[in-house]
Amino acid sequence: MPRYAGHFTICTPMKFSLAIYSAPHASQSAASALRFAKALLAGGHEIYRIFFYCDGVQNSNMIAAPPQDEADLISEWQALQQKHNLDLVVCIAAAQRRGVLSQREAHRLEKPVANLAEGFDLAGLGQLTDAVANSERLITFGG
Amino acid sequence: MTLHIVSKSPFSCQALHDCLQSLVEGDALLLIEDGVYALQHQALQSLQETRIYCLTADSEARGLQTSSAPDSVEIIDDTRWVQLCTEHNPIVSWFR
Amino acid sequence: MSNRTLALCRAAPYGSALAREGIEAVLASAAMEQDIDLLFLGDGIFQLLDNQAPEAIGQKSLRRNLKALPMFGVEELYVCQSSLEERGILPEQIQIPGAEVTLVEKPGELIAAYQCVLSF
């Protein structure tokens, strides 16, 4: 039900989750997701979780180094995470395949680099299922 | 009612085609990213009963003239995008 | 809280990773005993085709993953009828043992019955 504040109609805050399948710089999709997330938060809605899957795991690759005059999505996700205490979850299986590892995973798999950016957590696909179960809306950003 | 979000051009991808196969009366269609090129596609003309929205940031980025779009198309900003998502469920993304 | 979920599978197998990662997400969900159904539409119906032999291209059979679905309680598979007809595929070519394939004439009406749609 809408609430009324002065002459504005304000939507009741809702709990959203986003699933992101695309790498930054490869397509527009991850940037769209970021814009949408900002608009959600500006509208007073809650983001229960952002789940990075498929090539979307590259949004958490901290050794990506885009030119200075281009958007840096990884930093933008981190800033948004800090400001709103977002739950940014990266699928561990998808991340291992594509070379995004936490310190712990790098050590366990005997790889020379750990590159999971701060503010992101590696976890299993169960976290996507959990997000579906606990959100009123889930939106997929793929392609 | 379902919100369908199409993000690929109908001239190179099945996204809009598959989406239109899955539209039912009362559903809404939102064009984002390369999906906004559907404004130039005849498929939209036949959708008299469907509310069609187009994200202004994406159509402007691409230099598309929204003035020549069918009357049934509403040009929207990101705030309205969020609102559409609260008003509809489920939300289906067509991105390939 | 529980949300009735539909996985919308539109990707052909092998050419991209999306079909496989989609089915993996579905299996993970089913393993957690969440209600999840599958709708194969567009090129997604090619995932179901029998006689897949992807060994020579260095890939694991996706159909093997699909065959695991009934073991996780997913026993009904929805398939878009017009996608099938457009591609000249017969229903007998897309059967999965232990699962019932239901041809859907109006996929939109099926989609509308769910609270959440995961697109793959």
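Every chain is numbered from 1, with letters handed out A, B, ... down the list of sequences. For the numbers below, each heavy atom of this structure counts, side chains included, while hydrogens, waters and symmetry mates do not.
- For Arg137(A), no part lies near chain C; criterion is any non-hydrogen pair under 4.5 Å.
- Looking at Ala17(C), only its side chain comes within 4.5 Å of chain A, counting heavy atoms on both sides.
- Both the backbone and the side chain of Ala94(A) have a heavy atom closer than 4.5 Å to some heavy atom of chain C.
- With a 4.5 angstrom heavy-atom cutoff, Thr5(C) touches chain A only via side-chain atoms.
- Between chain C and the options Gly126(A), Gly142(A), Gly143(A), heavy-atom pairs under 4.5 Å are most frequent for Gly126(A).
- Within 6.0 Å of the CD atom in Glu55(C), the count of heavy atoms belonging to other residues, nucleotides or ligands exceeds 12.
- Between Asp50(C) and Arg63(C) no salt bridge is recorded (no basic side-chain N to carboxylate O distance below 4.0 Å).
- Using a distance-only test at 3.5 Å, with no hydrogens or angles considered, no donor-acceptor pair links the side chain of Asn61(A) to the main chain of Ile74(A).
- With sequence neighbours left out, Lys60(C) forms a side chain to side chain donor-acceptor pair (under 3.5 Å) with no residue at all.
- The list of side-chain hydrogen bond (donor to acceptor under 3.5 Å, both in side chains) pairs with a residue in residues 94-106 of chain C, not counting sequence neighbours, reads Glu76(C)-Thr102(C).
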